[in-house]
Peer 1: 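This structure is in structure tokens; I'll ask about it shortly.
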Amino acid sequence: MRDRFSDSLLAWYDQHARTMPWRIGPTDRRQGIRPDPYRVWLSEVMLQQTTVAAVRDYFLRFTTLWPTVQDLAAARDADVMAQWAGLGYYARARNLLKCARDVAELGAFPDTAEGLRALPGIGPYTAGAVASIAFDRPEVVVDGNVERVMSRLFDIHTPLPAAKPELTERARELTPLDRPGDYAQAVMDLGATICTPRTPACGICPWRDPCLARQRGTAPDLPRKTPKKPKPTRFGIAYIGRRVDGAYLVETRPDKGLLGGMLGWPGSDWSESPAPCPPTSADWQAQSQVAQHTFTHFHLTLTVMTATLPAGCNPERGQFIDLVPSSLPTVMRKAYDIAAEQFETD
DNA sequence: AAAACGTGGCG
DNA sequence: TCGCCAAGTTT
């Protein structure tokens with residue numbers, strides 16, 4: 001039963017495996033070659049809730065700057081956060097550093113799912129993925145792709161997230177003892193290229209015959225999901241001060257909460273009616289264009305205030321730095337882009 | 001256990 | 001134009 005599924009999928013994977021900077025191909029792997037656990041772990045953390053296309057350049061930059069987990073462990077926090085800027089879910093970057101330092105202390109990555117699971121930023125999915133892909137252990141690996149594939153294969157109509165335990169159990173039963181690393185990547189490739197969310201290509205699927213949802217015509221409607229809550233709109237004010245020498249007044253945000261540990265503009269809270277709170281007295285000028293941004297759970301409309309600050313400026317909050325705009329999280333960069341236009345015309 | 005936590009692309 | 005979606009984890 002188990003091998004009937006894995007054999008057909010692995011045969012498909014041998015022909016259609018996608019190549020990625022952190023992967024080794026099925027041919028190399030069968031010769032006993034295994035991928036570098038550091039690169040597998042780094043890619044898996046970057047890929048949490050994030051598309052392959054978005055991750056690729058970040059992965060290449062990180063591995064160029066920090067080729068080993070020891071290099072990453074020795075990096076400065078601010079440098080890692082700056083390199084992560086734009087990828088989102090910044091707790092991942094803070095936990096990435098913690099994890100790298102724990103692993104450097106241990107001497108190497110744990111080679112079991114249980115050992116990996118104990119590290120910061122590694123949950124059930126990432127522990128299973130690294131254990132199977134890097135160490136060829138037959139651990140169950142359940143991401144969004146696998147949930148979709150299993151819900152269709154077994155025509156499970158229970159909505160997520162309630163269906164998660166059942167989908168995990170089904171996935172566990174199919175996980176083979178032979179080539180578990182290739183198998184884990186194969187199911188995810190299947191979900192990403194054939195068993196897609198909207199219009200699955202059932203006609204060319206290696207599992208088209210046993211798939212219950214294909215037989216019953218329910219595939220496009222699965223998996224079902226419980227409806228999401230609507231997003232409220234919040235408002236805020238950002239103060240972008242540029243000193244005459246070109247330095248910008250920025251703050252490092254507290255580690256906890258939204259955009260934790262990232263650079264940002266001094267400003268109000270983000271609420272229904274924020275109060276003005278200039279970080280230093282100056283002729284603050286409201287920009288006509290606002291920065292619009294949508295976070296996971298709310299929309300934000302950000303008013304951008306700009307001012308040119310004198311050489312001896314001594315602000316109540318923040319510090320002046322020679323700003324590299326790419327080190328800002330996206331919402332802050334949107335505000336910067338609006339301000340930069342203003343400063344250019346000054 | 002529900003909510004917090006980013007961003008860009010696509011139909 | 002806009003909601004949905006992408007290799008989830010933490011609290």
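Quantities reported herein were computed from a predicted structural model and do not represent experimental measurements. Note on naming: letters A, B, ... go to the chains in the order of the sequence lines (proteins, then strands), and numbering restarts at 1 for each one.
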Peer 1: I'd like to know whether the aromatic ring centres of Trp84(A) and Tyr58(A) sit less than 6.0 Å apart in this structure.
Peer 2: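 No, ring centres 6.0 Å or more apart.
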
Peer 1: Flag the pair His293(A) / Phe295(A) as yes when their ring centroid distance falls below 6.0 Å, and as no otherwise.
Peer 2: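 They qualify: ring centres under 6.0 Å apart.
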
Peer 1: Remember a base hit wins even if backbone is also touched, and classify Thr296(A) as base, sugar-phosphate or nothing at under 4.0 Å, heavy atoms.
Peer 2: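 The residue Thr296(A) makes base contact.
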
Peer 1: If you pin Gly191(A) and Ile122(A) to their nearest nucleotides in DNA chain C, which one's is more 5'?
Peer 2: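 Closer to the 5' end of DNA chain C: Gly191(A).
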
Peer 1: Would you mind reading off the distance between Tyr89(A) atom OH and dC5(C) atom P, rounded to a whole angstrom?
Peer 2: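 That distance rounds to 14 Å.
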
Peer 1: Hey, can you tell me if Phe109(A) and Trp41(A) have their rings parallel, tilted or perpendicular (30° and 60° cut-offs)?
Peer 2: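 Tilted: the ring planes of Phe109(A) and Trp41(A) meet at 30° to 60°.
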
Peer 1: State whether the side chain of Asp155(A) and the backbone N or O of Arg152(A) hold a donor-acceptor pair below 3.5 Å, judged by distance alone.
Peer 2: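 No, Asp155(A) side chain to Arg152(A) backbone: no donor-acceptor pair under 3.5 Å.
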
Peer 1: Name the first nucleotide and the last nucleotide along DNA chain B (5' to 3') that come under 4.0 Å of a heavy atom in chain A.
Peer 2: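 Result: dA3(B) to dG11(B).
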
Peer 1: With rounding to the closest Å, how many angstrom separate the P atoms on dT9(C) and dG8(B)?
Peer 2: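 Their P atoms lie roughly 22 Å apart.
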
Peer 1: Reckon Trp84(A) touches a base, only the sugar-phosphate, or nothing at all at heavy-atom distances under 4.0 Å?
Peer 2: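 Answer is nothing: Trp84(A) stays at 4.0 Å or more from every strand.
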
Peer 1: Let me know the distance between CG of Asp143(A) and C1' of dA6(C), rounded to the nearest Å.
Peer 2: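 Rounding to the nearest Å, CG of Asp143(A) and C1' of dA6(C) are 9 Å apart.
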
Peer 1: Nearest whole Å is fine: how far is dG3(C) P from Phe295(A) CZ?
Peer 2: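 In whole Å, dG3(C) P and Phe295(A) CZ are 17 Å from each other.
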
Peer 1: Among residues two or more places apart or on two chains, list those pairs meeting side-chain hydrogen bond (donor to acceptor under 3.5 Å, both in side chains) that have a residue in residues 317-330 of chain A.
Peer 2: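 Output for this query lists Glu251(A)-Arg317(A).
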
Peer 1: Among side-chain atoms of Gln287(A) and Thr306(A), is any donor-acceptor pair under 3.5 angstrom?
Peer 2: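 Result is yes, a qualifying pair exists.
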
Peer 1: Between Lys334(A) and Gly257(A), which is nearer to the 5' end of DNA chain B once each is assigned its nearest nucleotide?
Peer 2: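 Result of the comparison: Gly257(A).
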
Peer 1: For Leu119(A) and dT9(C), what is the distance between atoms CG and C1' respectively, to the nearest whole Å?
Peer 2: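 Taking atom C1' of dT9(C) as the reference, CG of Leu119(A) is at 13 Å.
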
Peer 1: Calculate the interatomic distance between Leu190(A) atom CG and dA6(C) atom P; express it in whole Å.
Peer 2: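 Interatomic distance, CG of Leu190(A) to P of dA6(C): 13 Å.
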
Peer 1: Distance check needed: dA6(C) P versus Leu160(A) CG, whole Å only.
Peer 2: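 In whole Å, dA6(C) P lies 11 Å from Leu160(A) CG.
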
Peer 1: Could you tell me how far apart Gln292(A) (CD) and dG3(C) (P) are, to the nearest whole angstrom?
Peer 2: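 So the CD-P distance, Gln292(A) to dG3(C), works out to 13 Å.
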
Peer 1: Where the side chain of Arg253(A) meets the backbone of Leu263(A), is there a donor-acceptor pair that is under 3.5 Å apart?
Peer 2: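 Checking the backbone N and O of Leu263(A) against the side chain of Arg253(A), no donor-acceptor pair under 3.5 Å is found.
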
Peer 1: Give me the residues of residues 40-62 of chain A where at least one heavy atom lies under 4.0 Å from an atom of DNA chain B, by number, or none.
Peer 2: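 When residues 40-62 of chain A is checked for heavy atoms under 4.0 Å from DNA chain B, the hits, listed by number, are Gln49(A), Thr50(A).
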
Peer 1: Can any side-chain N or O of Arg94(A) pair as donor or acceptor with the backbone N or O of Gly260(A) at less than 3.5 Å?
Peer 2: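 Yes, Arg94(A) side chain to Gly260(A) backbone: donor-acceptor pair under 3.5 Å.
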
Peer 1: Would you confirm whether the ring centroid of Tyr248(A) sits within less than 6.0 angstrom of the ring centroid of Tyr336(A)?
Peer 2: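 Ring centres of Tyr248(A) and Tyr336(A) closer than 6.0 Å.
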
Peer 1: Does a side-chain N or O of Arg148(A) approach OP1 or OP2 of dA6(C) to a distance below 4.0 Å, or not?
Peer 2: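 Checking dA6(C) against Arg148(A), a side-chain N or O does come within under 4.0 Å of OP1 or OP2.
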
Peer 1: Take atom CZ of Arg224(A) and atom P of dC5(C), then tell me their distance rounded to the nearest Å.
Peer 2: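 For the pair Arg224(A) CZ and dC5(C) P, the rounded distance is 13 Å.
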
Peer 1: With heavy atoms under 4.0 Å as the rule, sort Met20(A) into base, sugar-phosphate or nothing.
Peer 2: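 Base: the residue Met20(A), judged by heavy atoms under 4.0 Å, touches a nucleobase.
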
Peer 1: Does Trp270(A) have its ring centroid less than 6.0 Å away from the ring centroid of Phe235(A)?
Peer 2: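 Not close enough - the centres of the two rings lie 6.0 Å or further apart.
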
Peer 1: Could you pick out which residue, Arg117(A) or Lys231(A), lies toward the 5' side of DNA chain C when each is mapped onto its nearest nucleotide?
Peer 2: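 Closest to the 5' end, via its nearest nucleotide, is Lys231(A).
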
Peer 1: Choose from dA6(C), dT10(C), dC4(C) the nucleotide whose nearest atom is closest to any side-chain atom of Asn95(A).
Peer 2: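 Nearest nucleotide to the side chain: dT10(C).
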
Peer 1: Between dC5(B) and dA6(C), how far apart are the two P atoms, rounded to whole Å?
Peer 2: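 Between the two P atoms, the distance is 22 Å.
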
